[in-house]
S.K.: 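Dropping the structure in here first, questions after.
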Amino acid sequence: MPNFGNQVQFSLYQTMPNPDPERLPVVYEEWEKRAREVLEDGPFYYVAGGAGGESTMQANLQAFNRWKIVPRMLREVDDRDLTVELFGDTYDSPLMHAPIGVQSIIHPDGELASARASAEMGVPYITSSASTKPMEEIAKAMGDAPKWFQLYWNKDQDVTASFVKRAEASGYSAIVVTLDTPMMAWREYDLKNVYLPFLIGEGVGNYFTDPAFCSKLSKSPKVDPASAIMHWAKTFGNPGLTWDDIAFLRKHTRLPILLKGILHPDDAKLALDHGVDGVIVSNHGGRQVDGALGALEALPQVCDVIQDRIPVLMDSGIRRGADVIKALALGAKAVLVGRPCMYGLAAAGERGVKEVLQNMMADMDITMALAGERSVSGLDKSVLRESK
Ligand SMILES: Cc1cc2nc3c(=O)[nH]c(=O)nc-3n(C[C@H](O)[C@H](O)[C@H](O)COP(=O)(O)O)c2cc1C
Ligand SMILES: CCCCCCC(=O)C(=O)O
């Protein structure tokens with residue numbers, strides 16, 4: 001994909017001197033502002049808010065400011081390579097669409113719009129267990145485009161096993177197990193707004209179409225949705241899980257397993273000891289533990305422990321191309337993009353998500369070139385300096 005960034009940049013400049021007044025934002029803060037304009041308080045703050053006083057959300061952004069790029073000159077950066085290899089597959093770029101549930105609260109097309117936009121951009125889409133649309137429908141909307149499945153480990157092991165089986169059957173090529181959400185955090189805005197999407201039936205699409213889940217109900221979700229939601233609420237989270245349970249998952253799938261939510265180096269070591277295939281350094285976008293460290297702060301230590309034996313990915317705070325470059329230079333193989341895509345979805349549906357991903361990819365490509373690097377796989381710490 002040589003000069004991808006410049007092509008996107010020129011197509012934006014081509015509208016000079018009369019830019020289309022309807023054109024979509026380029027600036028991240030303007031996407032967020034657009035989302036604020038179109039969404040009610042409940043959904044907007046569900047997306048934009050974090051746990052407690054949101055100090056972790058702030059830490060995520062501040063962590064990127066602590067690292068500065070030190071550009072190199074005269075390094076023949078005309079042809080660039082954004083591709084990355086993960087689990088034997090080659091992806092067009094190191095960007096992935098983060099698993100995000102309940103997207104119908106943001107746009108009526110919900111996950112279908114995000115998945116299609118990701119497919120168009122060659123960005124792997126990670127379908128959330130808490131999607132409003134069933135995982136099979138999302139997979140179908142994407143055709144052969146790359147897709148992974150994110151698992152919320154249900155208290156009912158039959159449901160967990162069934163989700164993994166359905167994901168395999170519908171063409172997902174990796175399982176991302178999110179470990180940091182055994183229960184909902186203390187989210188002040190949602191409590192203030194008395195807003196929890198699941199209680200109005202959003203985010204249960206995968207459960208209400210699951211044979212194992214439905215077999216435990218006395219009436220089908222269609223006949224008695226309120227009881228089905230109550231059953232969902234009782235079984236959704238699984239705070240009793242331990243590292244020993246990873247063996248159960250390994251027994252139920254041949255797909256690569258990645259653990260999402262790893263921040264502590266000791267947990268990185270345990271992940272290796274338990275034979276998983278990858279880890280994702282993440283604090284869930286500051287939505288779970290208030291007062292936690294920024295995800296980028298945790299990345300170098302996790303990478304030190306992993307020592308390239310399995311891929312390390314990261315998310316939480318990726319907003320612009322430079323953030324991607326910093327995360328890759330500190331050892332991430334790829335990054336997950338979360339809230340920016342959701343603001344794109346709110347503002348302009350599928351087109352909005354595509355625009356956000358395309359611009360981030362272009363920005364990343366140009367920033368990499370200007371920093372003096374030709375390929376994402378060549379990025380390392382030598383391009384960065386830590387500012388005290
Ligand atoms: C509205 C919303 C819903 C989310 N739903 C899920 C989910 O279902 N599963 C999951 O693993 N992570 C979920 N996440 C966390 C994201 O995958 C990702 O870790 C986070 O958005 C990264 O932070 P950032 O968006 O601030 O960069 C959600 C995040 C948001 C904003
Ligand atoms: C009951 C907790 C559900 C959380 C699912 C969606 C999610 O991960 C989020 O951050 O919101």
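Numbering starts at 1 and runs along the sequence shown. Since the structure is predicted, the reported quantities are computational estimates derived from the model, not experimental observations. In each ligand, atom 1 is the first atom listed, and ligand 1 is the first ligand listed.
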S.K.: In ligand 1, which numbered atoms sit nearer than 4.0 Å to a non-hydrogen atom of Lys260?
M.R.: 10 (C), 11 (O), 12 (N), 15 (C), 16 (C), 17 (O), 18 (C), 19 (O)
S.K.: Work out which heavy atom in Val281 is nearest to a heavy atom in Ala298; give both atom names and the distance.
M.R.: CG1-CB, 4.1 Å
S.K.: Return the CG to OG distance between Leu313 and Ser282, rounded to the nearest 0.5 Å.
M.R.: 10.5 Å
S.K.: So which heavy atom in the protein is nearest atom 4 (C) of ligand 2, and how far is it from that ligand atom?
M.R.: Phe198 CZ, 3.9 Å
S.K.: Give a yes-or-no answer on whether the side chains of Ser162 and Asp210 include a donor-acceptor pair shorter than 3.5 Å.
M.R.: yes
S.K.: Pull out every atom of ligand 2 sitting under 4.0 Å from any heavy atom of Arg287, numbered as shown with elements.
M.R.: 9 (C), 10 (O), 11 (O)
S.K.: Ion pair present between Lys68 and Glu386, side-chain N to carboxylate O less than 4.0 angstrom?
M.R.: no
S.K.: I'd like to know whether ligand 1 has Leu336 as a neighbour, heavy-atom separation below 4.0 Å.
M.R.: no
S.K.: I'd like to know if Arg187 contacts ligand 2, where contact means a heavy-atom distance under 4.0 Å to any ligand atom.
M.R.: yes
S.K.: Give the atoms of ligand 1, by number and element, whose distance to some non-hydrogen atom of Val47 is under 4.0 Å.
M.R.: 1 (C), 31 (C)
S.K.: With no hydrogens and no angle check, do the side chains of Asp180 and Asn283 hold a donor and an acceptor under 3.5 Å apart?
M.R.: no
S.K.: Which ligand 2 atoms, with their elements, are less than 4.0 angstrom from a heavy-atom of Phe236?
M.R.: 1 (C), 2 (C), 3 (C)
S.K.: Should the proximity of His284 to ligand 1, defined as any heavy atom under 4.0 Å, be assigned to the side chain, the backbone, both, or neither?
M.R.: both
S.K.: To which protein heavy atom is atom 16 (C) of ligand 1 closest, and what is the distance rounded to 0.1 Å?
M.R.: Pro99 O, 3.5 Å
S.K.: For Leu370 versus Pro71, what's the shortest heavy-atom pair and its separation?
M.R.: O-CB, 3.5 Å
S.K.: Just to confirm my output: which protein heavy-atom neighbour is closest to atom 21 (O) of ligand 1, and how far is it?
M.R.: Gly338 CA, 3.9 Å
S.K.: Identify the closest protein heavy atom to atom 8 (O) of ligand 1: which residue and atom is it, and at what distance?
M.R.: Ser128 OG, 2.6 Å
S.K.: Side chains of Thr160 and Asp156: is there a donor and an acceptor less than 3.5 Å apart?
M.R.: no
S.K.: Which protein non-hydrogen atom lies closest to atom 3 (C) of ligand 1, naming both residue and atom, and how far is it?
M.R.: Ile100 CG2, 3.5 Å
S.K.: Show the atoms of ligand 2 that are less than 4.0 angstrom away from any heavy atom in Tyr152.
M.R.: 5 (C), 7 (C), 8 (O)
S.K.: With respect to atom 20 (C) of ligand 1, which of Ser129, Gly50, Gly285, Ala295 exhibits the smallest heavy-atom separation?
M.R.: Gly285
S.K.: Between Thr178 and ligand 1, find which residue part has any heavy-atom pair under 4.0 Å and reply side chain, backbone, both or neither.
M.R.: side chain
S.K.: Should the pair Lys133-Asp109 be classified as a salt bridge under the 4.0 Å nitrogen-to-oxygen rule?
M.R.: no
S.K.: Between the candidates Tyr152, Tyr46, Tyr343, which shows the shortest non-hydrogen contact distance to atom 9 (N) of ligand 1?
M.R.: Tyr152
S.K.: I need the nearest protein heavy-atom contact for atom 18 (C) of ligand 1: residue, atom name and distance, please.
M.R.: Asp315 OD2, 3.3 Å
S.K.: Answer yes or no for Arg287 and Tyr46: cation-pi contact, defined as NZ/CZ to six-membered ring centre under 6.0 Å and angle to ring axis within 45°.
M.R.: yes
S.K.: Where is the nearest protein heavy atom to atom 25 (O) of ligand 1: which residue, which atom, and how far?
M.R.: Arg339 N, 2.7 Å
S.K.: Which one holds for His284 and ligand 2: side chain close, backbone close, both close, or neither close, with close meaning a heavy atom under 4.0 Å?
M.R.: side chain
S.K.: Going by the order shown, which atoms of ligand 1 are within less than 4.0 Å of some heavy atom of Ala98?
M.R.: 17 (O)
S.K.: If the threshold is 4.0 Å, N to carboxylate O, is there a salt bridge linking Arg320 and Asp363?
M.R.: no
S.K.: State the atoms of ligand 1, each with its element, that fall below the 4.0 Å cut-off from a heavy-atom position in Ser316.
M.R.: 22 (C), 23 (O), 27 (O)
S.K.: Taking only heavy atoms of Ile318 into account, list the atoms of ligand 1 that are under 4.0 Å away from them.
M.R.: 27 (O)
S.K.: Quick one: do the His284 and Ser316 side chains pair a donor with an acceptor below 3.5 Å?
M.R.: no
S.K.: Side chain, backbone, both or neither: which part of Arg287 comes within less than 4.0 Å of ligand 1 when only heavy atoms are counted?
M.R.: side chain
S.K.: Numbering the atoms of ligand 1 from 1, which are under 4.0 Å from a heavy atom of Gly317?
M.R.: 24 (P), 26 (O), 27 (O)
S.K.: Can Thr209 and Arg166 be counted as having a side-chain donor-acceptor contact under 3.5 angstrom?
M.R.: yes
S.K.: Which pairs, with at least one residue in residues 287-312 and sequence neighbours excluded, count as a ring pair (Phe, Tyr, Trp, His ring centres under 6.0 Å)?
M.R.: none
S.K.: Provide the number and element of each atom of ligand 1 under 4.0 Å from a heavy atom of Gly101.
M.R.: 3 (C), 4 (C), 5 (N), 6 (C), 7 (C), 8 (O)
S.K.: Could you find the nearest protein heavy atom to atom 6 (C) of ligand 2 and give me its residue, atom name and distance?
M.R.: Tyr46 OH, 3.6 Å
S.K.: If you measure from each heavy atom of Arg319 to ligand 1, is any distance below 4.0 Å?
M.R.: yes
S.K.: Given salt bridge (charged side-chain N to carboxylate O under 4.0 Å, His left out), test Glu32 with Arg339 step by step and report yes or no.
M.R.: CA-CA 9 Å; Glu32 181 174 356; Arg339 287 187 179 93; over 6 Å; no
S.K.: Is it the case that ligand 2 has an N or O less than 3.5 angstrom from some N or O of Thr181?
M.R.: no
S.K.: In terms of side-chain heavy atoms, does Thr132 have a donor or acceptor partner in Glu111 at a distance below 3.5 Å?
M.R.: yes
S.K.: Please could you name the atoms of ligand 1 that Ser282 approaches to less than 4.0 Å, counting only its heavy atoms?
M.R.: 19 (O)
S.K.: Just checking, is any N or O donor in the side chain of Tyr172 or Thr127 under 3.5 Å from an acceptor N or O on the other one?
M.R.: yes
S.K.: Please check if any side-chain donor atom of Asn60 sits under 3.5 Å from a side-chain acceptor atom of Arg319, or the reverse.
M.R.: no
